[in-house]
Amino acid sequence: MPLALLALAVGAFGLGTTEFVMMGLLPDVAGDLHVSIPAAGHLVSAYALGVVIGAPLLAALTARLPRRTVLISLMGLFVAGNALSALAPGYDSLLAARFLSGLPHGAFFGVGAVVATNLVAPERKARSVSLMFMGLTVANIAGVPVATLMGQHLGWRATFLGVSLIGVAAMAAVFLLIHPAHVPAPTTGLRGELSALRSLPVWLALATTVVGFGALFSAYSYITPMLTDAAGYADANVTLLLALFGVGATIGNLVGGRLADHAMRGTLFGGLVSMVAVLLLFPVLMGTEWSAALAVVLLGIAAFVTGSPLQLMVMERASAGPSLASSANQAAFNLANAGGAWIGGVALAAGFGVTSPALAGAALAVLGLGVASVAYAVDRRRAVPATVHERVVASHVPEPAEPVRS
């Protein structure tokens, strides 16, 4: 795998850290700015809203620009948003800065995934995407805990300054490690990118992301009360357990990328089936401390096995204009975050028990299987020609050369 993928992973690490660190800083931010915890929680929503709006918008606006330039510019916007967060004089300005920080998130992952697949041979595309996403999963192991500790000891403003420095490092890495000659120039403009979104298979792939990852966030959004109230862990141990989720996510991401290069659709179905099984077992696994820790790891593995195949499936179904569709998949991921948390909260508020969000997530995973099955049926009915990537993986036979015309 080329070293250039490291540059994308560094950017993903910074994005993952700033996205999730706010959860651990809410009490500190709320106390310093004299707002309630629920009001501080809107800072999480502001970032997610920035992702949903910025992912398709920025991908569309930069469709004609060189992708290396786009990646550096997006990280520059990320640095500006986090620096403004550190310097925000009050709650409203911090809310606006968090929204600004979220704008480049989805577009960076979307354009970065296109760049990553152009850096490797066709039979290694899913693996290249998984290595970029590894920056996001490692952020949950190291970035978020370290940034949270920094905020608790040095103040939450120091955390955002530190994340800004990660963004500067990512800009330097993209500039130094990704050579313009290794990244093909965009072959289509805004019209071509938008035309790719008219495809039903693209929308079915995006719907699978929303429902499939909604299953994850239905449970993960309420993992803390499950661990404390059901499994009996002390509040002080939750941070370590959440790092275990990051370990599981990293394992699942790497395994999913490797498997998807051999059987993309099979890896997706296998990951969703695993999600159903793990979430159905959650009420039992939360009965003891050791099994609860195991459940957290298994949840991360099962969920992120599907990450690379879903990203690659969207890109391949939108091969005429993959940047916009790839970025839209990141917006779909954040819609899954919001929707899954809401559905899990409904189950909890209905009085079905502290582990009921996991069962609601299992139902969503079953629905995800249904959407993925419909997508498979549509592909078969339309007799969608195999992409170069799928043909290489299936047969390992090179494409015949076109006849020479005189």
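Remember, it's a predicted structure, so these values are computed and weren't measured experimentally.
No donor-acceptor pair under 3.5 Å is formed between the side chain of Ser218 and the backbone N or O of Gly214. Tyr220 places no side-chain N or O within donor-acceptor distance of the main-chain N or O of Leu299, the cut-off being under 3.5 Å. Of the possible donor and acceptor atoms, one in the side chain of Tyr233 sits under 3.5 Å from a partner among the backbone N and O of Glu289. Side-chain atoms of Arg68 do not come within 3.5 Å of backbone N or O of His179 as any donor-acceptor pair. Side chain of Thr17 to main chain of Gly143: no donor-acceptor pair is present (N/O by atom type, distance under 3.5 Å, no hydrogens or angles). Judged by distance alone, with hydrogens and angles left aside, the side-chain atoms of Tyr222 form no donor-acceptor pair with the main-chain N or O of Gly344 at under 3.5 Å. Within the 3.5 Å criterion, the main-chain N or O of Gly151 finds a donor-acceptor partner in the side chain of Thr159. Counting only distance, with no hydrogens or angles, the side chain of Asn329 and the backbone of Ala325 share no donor-acceptor pair below 3.5 Å.
Atom CG of Leu131 is separated from atom CZ of Arg258 by 9.0 Å, given to the nearest 0.5 angstrom. To the nearest 0.5 Å, atom CG of residue Leu84 and atom CG of residue Leu94 are 10.0 Å apart. Residue Leu335 holds its CG atom at 10.5 Å from OG1 of Thr209, rounded to the nearest 0.5 Å. To the nearest 0.5 Å, atom CG of residue Leu312 and atom OG of residue Ser326 are 9.5 Å apart. Taking CD1 of Ile141 as the start and CG of Leu244 as the end, the distance is 9.0 Å to the nearest 0.5 Å. Atom CG of Asp32 is separated from atom CG of Asp28 by 8.5 Å, given to the nearest 0.5 angstrom.
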For the pair Val314 and Leu310, evaluate side-chain contact (heavy atoms from CB on, under 4.5 Å) and give the outcome as yes or no after the intermediate values.
CA-CA 6 Å; Val314 169; Leu310 277 171; 5.7 Å; no
List the steps and the verdict of side chain to side chain donor-acceptor pair (under 3.5 Å) for Thr18 and Asn82.
CA-CA 8 Å; Thr18 201; Asn82 281 280; 2.7 Å; yes
Test side-chain contact (heavy atoms from CB on, under 4.5 Å) applied to Leu95 and Phe99, step by step
CA-CA 6 Å; Leu95 197 68; Phe99 175 79; over 6 Å; no
Would Thr228 and Val354 count as a side-chain contact (heavy atoms from CB on, under 4.5 Å) if you check the C-alpha gap in whole Å, the side-chain angles of each, and the deciding distance to 0.1 Å?
CA-CA 10 Å; Thr228 55; Val354 71; over 6 Å; no
Start with the C-alpha distance between Leu15 and Leu136, add both sets of side-chain angles, then the distance that settles side-chain contact (heavy atoms from CB on, under 4.5 Å), and finish with yes or no.
CA-CA 7 Å; Leu15 290 164; Leu136 177 65; 5.8 Å; no
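With a 4.5 Å cut-off on side-chain heavy atoms, Phe133 and Gln311 count as touching. A 4.5 Å side-chain heavy-atom check between Met134 and Thr250 finds at least one atom pair inside the cut-off. His262 places none of its side-chain heavy atoms less than 4.5 Å from the side chain of Glu123. Taking 4.5 Å as the limit, some side-chain heavy atom of Leu100 sits within range of a side-chain heavy atom of Leu103. Inter-residue side-chain proximity for Arg265 and Pro309 is flagged as unmet; no heavy-atom pair is nearer than 4.5 Å. By the 4.5 Å heavy-atom criterion applied to side chains, Phe175 and Ile72 are counted as neighbours. Here the side chains of Lys125 and Met315 are not in contact, with every heavy-atom distance at 4.5 Å or above. At least one side-chain heavy atom of Val296 sits less than 4.5 Å from a side-chain heavy atom of Leu227.
Ring pair Phe304/Phe245 is perpendicular by interplanar angle, where above 60° counts as perpendicular and below 30° as parallel. The aromatic rings of Phe160 and Trp156 sit perpendicular, their planes meeting at an angle over 60°, well past the 30° parallel limit.
Aromatic ring centres of Phe333 and Phe109 lie farther apart than the 6.0 Å criterion allows.
Listed here is the closest heavy atom pair of Ala4 and Leu119: CB-CD1, 3.8 Å. The two residues Ser308 and Asn253 make their nearest non-hydrogen contact at OG-OD1, 3.7 Å. Ala295 and Met286 make their closest contact through CB-CE, 4.3 Å (heavy atoms, listed as atom of the first residue, atom of the second, distance). Taking every heavy atom of both residues into account, Ser85 and Ala97 meet most closely at OG-CB, 3.4 Å. When every heavy atom of Ala107 is checked against every heavy atom of Leu58, the shortest pair comes out as CB-CB, 4.0 Å. The nearest pair of heavy atoms linking Ala263 to Thr267 is O-OG1, 2.7 Å.
The side chain to side chain contact (heavy atoms under 4.5 Å, CB included) test applied to Leu298 returns Val278, Leu294, not counting sequence neighbours. Annotation: side chain to side chain contact (heavy atoms under 4.5 Å, CB included) contacts of Leu369 (sequence neighbours excluded): Phe269, Leu272, Val273, Val276. Listed by chain and number, the residues in a side chain to side chain donor-acceptor pair (under 3.5 Å) with Asn237 amount to none (sequence neighbours excluded).
Crowding of Tyr376 atom OH: a count of heavy atoms from other residues, nucleotides or ligands under 6.0 Å not exceeding 12. In Arg157, the CZ atom is crowded: over 12 heavy atoms of neighbouring residues, nucleotides or ligands sit closer than 6.0 Å.
Under 3.5 Å, the side chains of His105 and Tyr47 contain a donor-acceptor pair of N or O atoms.
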